[in-house]
Amino acid sequence: MPLLDARGKRDDAKRLLIAGINPSTKRKEEKTAAITEARTTFALVAEEYVTRMEERDAAARHARRVRPKEGRLAYSS
């Protein structure tokens with residue numbers, strides 16, 4: 001890492017500390033948020049699948065079974 005970049009990161013960390021934010025904690029939170037955002041959960045994939053089935057009117061009976069009246073999938077958490 002070039003010295004200029006290192007000094008920029010140092011200055012950013014100082015600004016965060018002055019604002020009362022722990023730079024290490026902030027980096028960890030950003031990393032966790034990025035991972036969570038990128039992760040595709042089973043419920044999302046299943047919801048998309050059932051919606052696609054309903055749109056093409058395929059397996060309507062199955063779609064009714066897995067999508068209860070309250071709108072949540074039977075297997076979502």
Side-chain angles (χ1 to χ4, degrees):
M1 168 184 297
L3 184 58
L4 189 60
D5 291 343
R7 287 181 176 163
K9 287 188 175 201
R10 177 202 61 198
D11 293 341
D12 292 342
K14 280 186 177 183
R15 280 189 218 100
L16 289 172
L17 286 171
I18 290 170
I21 300 169
N22 183 337
S24 177
T25 303
K26 185 174 185 304
R27 276 192 312 274
K28 289 176 186 175
E29 288 171 353
E30 289 172 351
K31 182 178 179 181
T32 301
I35 291 170
T36 301
E37 186 177 323
R39 185 179 299 146
T40 303
T41 64
F42 177 78
L44 293 174
V45 173
E47 182 74 33
E48 182 181 326
Y49 171 75
V50 171
T51 301
R52 206 171 328 127
M53 281 191 335
E54 289 174 340
E55 286 172 355
R56 64 180 190 188
D57 202 31
R61 181 172 165 236
H62 177 69
R64 283 192 303 272
R65 274 196 333 239
V66 297
R67 188 187 304 274
K69 291 180 183 175
E70 65 269 6
R72 290 187 64 217
L73 292 170
Y75 39 77
S76 65
S77 54

Kindly state each residue pair satisfying salt bridge (charged side-chain N to carboxylate O under 4.0 Å, His left out) with at least one member in residues 16-28, sequence neighbours excluded.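 The answer is K26-E30.
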Smallest separation among heavy atoms of P23 and A13, with atom names: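 So the minimum-distance heavy-atom pair works out to CG-O, 3.8 Å.
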Pairs where residues 7-17 contributes a residue and the test side-chain hydrogen bond (donor to acceptor under 3.5 Å, both in side chains) is met, not counting sequence neighbours: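 Pairs touching residues 7-17 that pass the test: D12-R15.
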Report the hydrophobic cluster partners of L16, with the cluster defined as I, L, V, M, F, W, Y residues connected by side-chain heavy atoms closer than 4.5 angstrom, directly or transitively.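 Besides L16, the cluster holds I21.
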